[in-house]
Amino acid sequence: TLPATPWASDAPLREGMRRMHRAVEALGHAEHDHLDAAQAAAAAQQVLDAANYMITNCKLPPEPDAALHGVLSTLMTGAAAIQRDPANTTPVAAMRDAVALYPRMFVDATWQADTSPAD
């Protein structure tokens, strides 16, 4: 559920989401067979690393924290599925959608992510 007014973000959240965005963009290349299995698994690990960074370092109030955990759950579940089967890029679309929720949920004046679907 999107908040009526986006929540404040903290520096670890902003950094973590930038890492997450780069990793999910990399996984988008796997959808077009531009990554081998090792590269796809490495990008999936970057998603997990970014999520763990945010879980460890973000200090948010309860409501935005719970909402963020919902987004991270989608991303982590997708990354784990890709690590199990790097040829299966099905989770990437949901992961891209989860990243696209971030600027709608949190204030981040420097977010420049392209949230449009990959070609």
Side-chain angles (χ1 to χ4, degrees):
T1 304
L2 295 174
T5 303
W7 295 298
S9 60
D10 64 7
L13 173 59
R14 292 187 296 272
E15 172 61 25
M17 286 308 298
R18 278 158 182 73
R19 292 182 193 178
M20 189 71 73
H21 181 252
R22 285 190 299 269
V24 172
E25 275 192 338
L27 286 169
H29 293 286
E31 291 175 305
H32 304 289
D33 295 324
H34 298 158
L35 297 182
D36 64 28
Q39 291 169 318
Q45 185 61 51
Q46 290 171 355
V47 168
L48 296 173
D49 291 346
N52 287 327
Y53 171 81
M54 286 184 274
I55 290 167
T56 301
N57 295 289
C58 286
K59 304 297 181 216
L60 301 172
E63 188 178 5
D65 187 62
L68 176 62
H69 280 265
V71 169
L72 294 181
S73 175
T74 298
L75 290 157
M76 294 172 78
T77 299
I82 291 167
Q83 283 192 320
R84 282 191 303 277
D85 180 6
N88 177 15
T89 60
T90 303
V92 177
M95 294 169 76
R96 188 180 299 111
D97 290 346
V99 170
L101 285 173
Y102 166 70
R104 298 174 64 200
M105 295 171 65
F106 292 93
V107 175
D108 185 340
T110 61
W111 182 259
Q112 298 293 320
D114 174 12
T115 56
S116 62
D119 303 332

Report, one line per pair, each donor and acceptor closer than 3.5 Å where one atom sits in a side chain of residues 43-54; sequence neighbours left out.
{"unit_1": "Gln45", "atom_1": "OE1", "unit_2": "Gln83", "atom_2": "NE2", "d": "2.9"}
{"unit_1": "Gln45", "atom_1": "NE2", "unit_2": "Asp49", "atom_2": "OD1", "d": "2.8"}
{"unit_1": "Asn52", "atom_1": "ND2", "unit_2": "Leu48", "atom_2": "O", "d": "3.2"}

Minimum heavy-atom separation for [X] and [Y], please, with both atom names.
X	Y	result
Ile82	Asn88	CG1-O, 3.6 Å
Met76	Ile55	SD-CD1, 4.1 Å
Thr74	Ala98	CG2-CB, 4.0 Å

Approximate separation, where rounding is to 0.5 Å, of [X] [atom1] and [Y] [atom2]:
X	Y	atom1	atom2	answer
Met20	Glu25	CE	CD	13.0 Å
Glu31	Thr90	CD	OG1	9.0 Å
Leu60	Asp10	CG	CG	5.0 Å
Met105	Thr5	CE	OG1	13.5 Å

Problem - Within one Ile-Leu-Val-Met-Phe-Trp-Tyr cluster: Leu2 and Val107, side-chain cutoff 4.5 Å - result: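 Per the 4.5 Å side-chain linkage, Leu2 and Val107 are not co-clustered.
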
Practice task
Using the rule that two of Ile, Leu, Val, Met, Phe, Trp, Tyr join whenever any of their side-chain heavy atoms come within less than 4.5 Å, decide whether Leu35 and Val92 are in one cluster.
Solution key: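 Leu35 does not cluster with Val92.
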
Handout entry: Beyond-backbone contact of Leu27 with Thr89, side-chain heavy atoms, under 4.5 angstrom
Key =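 Counting from C-beta outward, Leu27 and Thr89 never come under 4.5 Å.
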
Exercise for the section: Check whether any side-chain heavy atom of His21 sits under 4.5 Å from a side-chain heavy atom of Tyr102, and report yes or no. Expected result: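 In short, these two side chains do not touch, never coming nearer than 4.5 Å.
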
Problem - Donor-acceptor contact below 3.5 Å, side chain Thr77 vs main chain Ser73 - result: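 Side chain of Thr77 to backbone of Ser73: a pair is present.
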
Side chains of residues 12-19: which donor-acceptor partners sit under 3.5 Å, not counting sequence neighbours?
{"unit_1": "Arg14", "atom_1": "NH1", "unit_2": "Ser9", "atom_2": "O", "d": "2.9"}
{"unit_1": "Arg14", "atom_1": "NH1", "unit_2": "Ser9", "atom_2": "OG", "d": "3.0"}
{"unit_1": "Glu15", "atom_1": "OE2", "unit_2": "Arg19", "atom_2": "NE", "d": "3.0"}
{"unit_1": "Arg18", "atom_1": "NH1", "unit_2": "Arg14", "atom_2": "O", "d": "3.0"}
{"unit_1": "Arg18", "atom_1": "NH1", "unit_2": "Asp108", "atom_2": "OD2", "d": "2.8"}
{"unit_1": "Arg18", "atom_1": "NH2", "unit_2": "Asp108", "atom_2": "OD1", "d": "2.9"}
{"unit_1": "Arg18", "atom_1": "NH2", "unit_2": "Asp108", "atom_2": "OD2", "d": "3.2"}
{"unit_1": "Arg18", "atom_1": "NH2", "unit_2": "Thr110", "atom_2": "O", "d": "3.3"}
{"unit_1": "Arg18", "atom_1": "NH2", "unit_2": "Thr110", "atom_2": "OG1", "d": "2.7"}

